[in-house]
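Report on the following structure.
Letters A, B, ... mirror the listed sequences (proteins, then strands); counts begin at 1.
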Number of protein chains: 2
Amino acid sequence: MSDDTGIATAEQAANDARVLAFGRLLGAANRLEYILGRAIEEECGISHLMFEVLLILGRAGGEGLPMRSIAQEQVLTTGGATRLVDRMEAAGLVSREPARDDRRMQLVRLTPLGERTAVRAARVHAENVQRYFLDPLPAAHRERFAADLRTLSHCARDMLPRLR
Amino acid sequence: MSDDTGIATAEQAANDARVLAFGRLLGAANRLEYILGRAIEEECGISHLMFEVLLILGRAGGEGLPMRSIAQEQVLTTGGATRLVDRMEAAGLVSREPARDDRRMQLVRLTPLGERTAVRAARVHAENVQRYFLDPLPAAHRERFAADLRTLSHCARDMLPRLR
DNA sequence: CCGGAATACCTGACGAGTCAGATACTGTTC
DNA sequence: GAACAGTATCTGACTCGTCAGGTATTCCGG
């Protein structure tokens with residue numbers, strides 16, 4: 001279909017334009033995520049990455065988690081995670097404590113304030129997701145839309161290791 | 001449906017969890033965008049924001065555009081745009097020239113190198129969008145999926161002014 | 001046990017964005 | 001035509017991430 005000279009043909013350029021238009025829609029999804037993040041920041045006074053960490057720690061149910069697992073779930077390097085948790089500790093949202101059985105590890109745990117904030121932020125975020133992400137879509141579309149996103153998500157997860 | 005004590009009921013919490021799961025899918029779309037951006041960076045040696053600027057200038061068809069319109073189309077402050085264009089100028093991708101009729105404005109224009117890079121990057125990006133965004137979806141789903149994304153996109157665009 | 005690989009986290013230097021406040025021009029009003 | 005608001009861009013100080021290279025601890029083979 002494409003010649004091997006590296007020079008784009010007219011049809012190819014036209015097709016590219018169509019494909020790029022699809023690609024731009026991804027940017028839309030991104031913008032939506034951005035908006036949801038900002039809303040959390042304004043309504044709860046924490047960055048969207050802090051929010052993610054609060055959710056992760058909340059899911060762990062009072063158990064302390066090592067830094068490592070925080071860095072893994074975020075798209076963050078371990079260095080970045082260290083600094084993020086530094087700030088969260090300074091803000092009184094989490095505490096760090098060396099693990100008994102492996103003193104290389106620092107177990108990160110929600111403080112009472114962190115827990116309250118996590119609950120509140122989850123509530124706010126759920127409301128916003130409902131309002132800006134679910135409500136605008138026709139009800140009959142939601143399931144398939146979510147399934148398609150999930151398909152892409154798996155595909156993306158497979159790609160990530162190759163790129164970093 | 002929700003009581004006015006501010007305390008979440010069990011049903012409410014369960015519903016929130018469902019909604020949050022939807023929300024997490026947005027993160028997937030984000031990750032996909034991230035991957036596409038990285039690919040451009042690795043294959044073309046420019047940041048994904050530079051790529052956006054190259055496309056914008058390319059669409060302008062040889063006309064110089066003022067900084068303002070670059071800052072507007074990106075999710076970037078004007079200060080950020082200044083610095084981005086600084087780097088692009090240093091890399092020889094664009095040139096700046098004060099506008100004749102309004103010397104407050106700097107018209108930004110693609111250099112020949114910038115133009116070549118724009119074409120190549122567009123090609124690469126179109127291929128990647130095809131591969132990671134379109135191909136994984138069943139063909140019968142693509143149109144409706146795109147339409148739904150477009151719906152969300154409009155909704156998001158309406159929100160943005162309120163947040164910054 | 002002891003020395004070296006592996007693991008978990010931290011840190012210094014840096015890159016790239018934000019924000020708020022210059023700076024430089026334009027257009028308008030009296 | 002001088003004062004003044006408005007507009008376009010730039011800049012200094014800062015924040016928050018990355019990367020590469022520590023340091024401390026654990027694990028394991030000989």
Side-chain angles (χ1 to χ4, degrees), chain A residues 30-31 33-35 37-38 40-42 45-53 56-57 63-91 93-109 160 163-164, chain B residues 30-31 33-35 37-38 40-42 45-53 56-57 63-91 93-109 160 163-164:
Chain A
N30 225 326
R31 208 156 29 238
E33 174 101 7
Y34 173 77
I35 287 170
R38 292 285 290 203
I40 285 287
E41 290 175 21
E42 306 207 343
I46 57 175
S47 78
H48 75 285
L49 286 181
M50 287 186 185
F51 172 54
E52 297 289 329
V53 172
I56 291 171
L57 292 177
E63 286 300 301
L65 288 182
M67 298 294 298
R68 229 186 102 270
S69 63
I70 291 172
Q72 257 167 0
E73 295 218 36
Q74 305 301 312
V75 184
L76 255 185
T77 61
T78 70
T82 294
R83 280 163 179 163
L84 180 58
V85 171
D86 283 350
R87 265 169 285 143
M88 293 181 73
E89 202 173 5
L93 296 168
V94 302
S95 64
R96 253 191 282 219
E97 164 198 15
R100 292 270 166 89
D101 51 335
D102 184 342
R103 292 203 325 261
R104 288 171 301 182
M105 292 201 281
Q106 297 279 330
L107 296 184
V108 182
R109 191 184 309 272
L160 262 185
L163 284 169
R164 50 158 53 207
Chain B
N30 226 326
R31 208 155 30 236
E33 174 101 7
Y34 172 78
I35 288 170
R38 293 283 292 202
I40 285 287
E41 290 175 22
E42 305 208 342
I46 56 176
S47 79
H48 75 287
L49 286 181
M50 288 185 183
F51 173 54
E52 297 289 328
V53 172
I56 290 171
L57 293 176
E63 286 300 302
L65 288 181
M67 297 295 298
R68 227 186 102 271
S69 62
I70 291 171
Q72 258 168 1
E73 296 219 37
Q74 304 301 312
V75 184
L76 255 185
T77 61
T78 69
T82 295
R83 281 165 178 160
L84 180 58
V85 171
D86 284 348
R87 264 169 285 143
M88 293 180 72
E89 202 174 6
L93 296 168
V94 301
S95 64
R96 252 191 283 220
E97 162 197 17
R100 292 269 166 90
D101 51 335
D102 184 342
R103 292 203 324 258
R104 287 171 301 183
M105 292 201 280
Q106 298 279 330
L107 296 183
V108 183
R109 193 185 306 274
L160 262 185
L163 284 169
R164 52 157 55 207

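Of the candidates D:dT26, D:dC19, D:dC10, D:dC19 carries the atom nearest the B:R38 side chain, counting heavy atoms from C-beta on. Closest to the side chain of A:R104, out of C:dC25, C:dA6, D:dC19, is C:dA6. Closest to the side chain of A:T82, out of D:dG17, D:dT25, C:dT11, is C:dT11. Residue A:D102 places its side chain closer to D:dT25 than to any other of D:dT25, D:dA8, C:dG12. If you check C:dG12, C:dT18, C:dC10 against the side chain of A:M67, the one that comes closest is C:dC10.
Interatomic distance, CD of B:E52 versus CD of B:E73, reported as 9.0 Å (0.5 Å rounding). Between the CD atom in B:Q72 and the CE atom in B:M67 there is a gap of 12.0 Å [rounded to 0.5 Å].
Of the side-chain N and O atoms in B:R87, one or more sit less than 4.0 angstrom from OP1 or OP2 of C:dG17. OP1 or OP2 of D:dC10 lies within a sub-4.0 Å distance of a side-chain N or O belonging to B:R96. Contact check, A:T77 against D:dT18: a side-chain N or O comes under 4.0 Å of OP1 or OP2.
If you take OH of B:Y34 and P of D:dG17, they are 13 Å apart, rounded to a whole angstrom. One atom, CD of A:E97, and another, C1' of C:dC9, lie 16 Å apart when rounded to the nearest Å. For B:D101 and D:dA8, the CG to C1' distance is 13 Å, given to the nearest whole Å. Rounded to an integer number of Å, the gap from CG of A:L76 to C1' of D:dT18 is 10 Å. Between the CE atom of B:M50 and the C1' atom of C:dG17 there is a distance of 13 Å, given to the nearest Å. Atom CD in B:Q106 sits roughly 13 Å away from atom P in C:dA24 (whole-Å rounding). A straight line from CD of B:E52 to C1' of C:dG17 spans 16 Å, rounded to a whole angstrom. Whole-Å rounding puts the A:E41 CD to C:dC19 P distance at 10 Å.
Between the side chain of B:R68 and the base of D:dG6, no donor-acceptor pair of N or O atoms lies under 3.5 Å.
Residue A:F51 comes nearest to A:I40 through the heavy atom pair CB-CG2, 4.0 Å, listed as atom of the first residue, atom of the second, then distance.
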key: Step-by-step side chain to side chain contact (heavy atoms under 4.5 Å, CB included) determination, A:M50 to A:L84   = CA-CA 7 Å; A:M50 287 186 185; A:L84 180 58; 3.8 Å; yes
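Residues A:R100 and A:S47 both approach DNA chain D. Their nearest nucleotides, taken by heavy-atom distance, put A:S47 toward the 5′ side. Where A:M105 and A:G79 meet DNA chain C, the nucleotide closest to each residue was compared, and A:M105 sits on the side nearer the 5' end.
Across all strands shown, A:R83 has heavy atoms under 4.0 Å from base atoms, whether or not it also approaches the sugar-phosphate.
Within the 4.5 Å cutoff, the side chain of B:R96 has heavy atoms near those of the B:D86 side chain.
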